[in-house]
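Keep in mind that this is a model prediction, so the values were computed, not measured.
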Amino acid sequence: MNFRNMDEFWPYFVSQHSKPATRRWHFAGVFASILCLIYSFTFNWCYLFGVPVLAYGAAWYSHFFVERNVPASFDYPLWSFLCDMKMFGLILTGQMDKEIRRLGKKPVPRDY
């Protein structure tokens, strides 16, 4: 699949996060990485290395063991990062379920 922009990628991204537990793991990972980022700037720069570990660790766990698919960040790292931030904001504001219903998304199988 070739995506030219985030608007094209977003429906695919949402389809790969069909289970609520997957979205919760993503939210927890991004939230923890934000806290780690703040802590690293405030107290100790060494914690900066924990930011991607927390975010991607939680997200990848959810894809392999909850959603049972391959993380989109393997093939589309930039689009995935941007959509993760969008999903985090939508979950934070309580709009993600509405977005899922709007898109009417179901899981999309990978080509490989």
Side-chain angles (χ1 to χ4, degrees):
M1 288 182 245
N2 291 320
F3 301 102
R4 292 174 295 192
N5 57 49
M6 196 168 121
D7 289 336
E8 288 182 4
F9 183 72
W10 177 245
Y12 171 75
F13 180 87
V14 171
S15 74
Q16 298 301 297
H17 299 81
S18 66
K19 295 182 180 178
T22 303
R23 295 188 298 275
R24 284 193 292 270
W25 275 103
H26 273 262
F27 182 86
V30 170
F31 186 71
S33 68
I34 290 169
L35 292 178
C36 190
L37 183 66
I38 292 168
Y39 186 85
S40 69
F41 284 139
T42 307
F43 298 108
N44 188 338
W45 286 93
C46 291
Y47 283 87
L48 198 56
F49 294 106
V51 172
V53 172
L54 289 168
Y56 285 106
W60 291 352
Y61 171 84
S62 71
H63 283 287
F64 292 129
F65 299 107
V66 177
E67 196 75 36
R68 303 229 184 255
N69 62 13
V70 177
S73 61
F74 288 180
D75 295 323
Y76 309 100
L78 178 61
W79 297 129
S80 294
F81 173 77
L82 294 173
C83 288
D84 267 336
M85 296 303 106
K86 180 176 180 174
M87 184 169 69
F88 180 80
L90 289 172
I91 292 171
L92 194 62
T93 59
Q95 299 297 311
M96 189 63 197
D97 288 341
K98 180 180 169 185
E99 182 68 3
I100 291 167
R101 284 191 302 277
R102 181 185 76 81
L103 294 172
K105 286 293 151 192
K106 303 259 190 268
V108 174
R110 300 291 278 236
D111 290 338
Y112 47 89

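No continuous path of ILVMFWY side-chain contacts below 4.5 Å connects V53 to Y39, so the two sit in separate hydrophobic clusters. Connection of Y47 to F41 is not established within any shared hydrophobic cluster, with ILVMFWY side chains joined at heavy-atom distances below 4.5 Å, either directly or through further cluster members. One hydrophobic cluster holds both L78 and M85 under the rule that ILVMFWY side chains link at heavy-atom gaps under 4.5 Å. No single ILVMFWY cluster, assembled from side-chain heavy atoms under 4.5 Å apart, contains both V51 and I38.
At least one side-chain heavy atom of R23 sits under 4.5 Å from a side-chain heavy atom of I100. Side chains of S73 and W60 form a contact here, defined as non-hydrogen atoms less than 4.5 Å apart. The closest side-chain heavy-atom distance from L82 to F9 is not below 4.5 Å. Side chains of R24 and K19 form no contact here, defined as non-hydrogen atoms less than 4.5 Å apart.
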If you apply the rule side chain to side chain contact (heavy atoms under 4.5 Å, CB included), what do you find for T93 with K98, and how did you get there? CA-CA 11 Å; T93 59; K98 180 180 169 185; over 6 Å; no
Stepwise side chain to side chain contact (heavy atoms under 4.5 Å, CB included) test for M96 and V14: CA-CA 9 Å; M96 189 63 197; V14 171; 4.1 Å; yes
Please test H26 against T22 for side chain to side chain contact (heavy atoms under 4.5 Å, CB included), starting from the C-alpha separation and ending with a verdict. CA-CA 6 Å; H26 273 262; T22 303; 3.9 Å; yes
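For the pair L54 and A32, the tightest heavy-atom approach, listed with the atom from each and the gap, is CD1-O, 3.6 Å. The nearest pair of heavy atoms linking V70 to Q16 is O-OE1, 4.5 Å.
In this structure, SG on C36 lies 9.5 Å from CG on N44, to the nearest 0.5 angstrom.
For S80, the side chain to side chain donor-acceptor pair (under 3.5 Å) criterion is met by no residue, not counting sequence neighbours.
The environment of CZ in F81 is sparse: at most 12 heavy-atom neighbours from other residues, nucleotides or ligands sit within 6.0 Å.
Ring-plane geometry between W10 and F13 is classed as parallel, the angle between the planes falling under 30 degrees on a 0 to 90 degree scale with a further cut at 60. Between F31 and F27, the ring planes are parallel. Angles under 30° get that label, and only those over 60° would be called perpendicular.
W25 and Y61 have their aromatic ring centers within a separation under 6.0 angstrom.
Checking S18 against E67 by side-chain atom types alone, a donor-acceptor pair falls below 3.5 Å.
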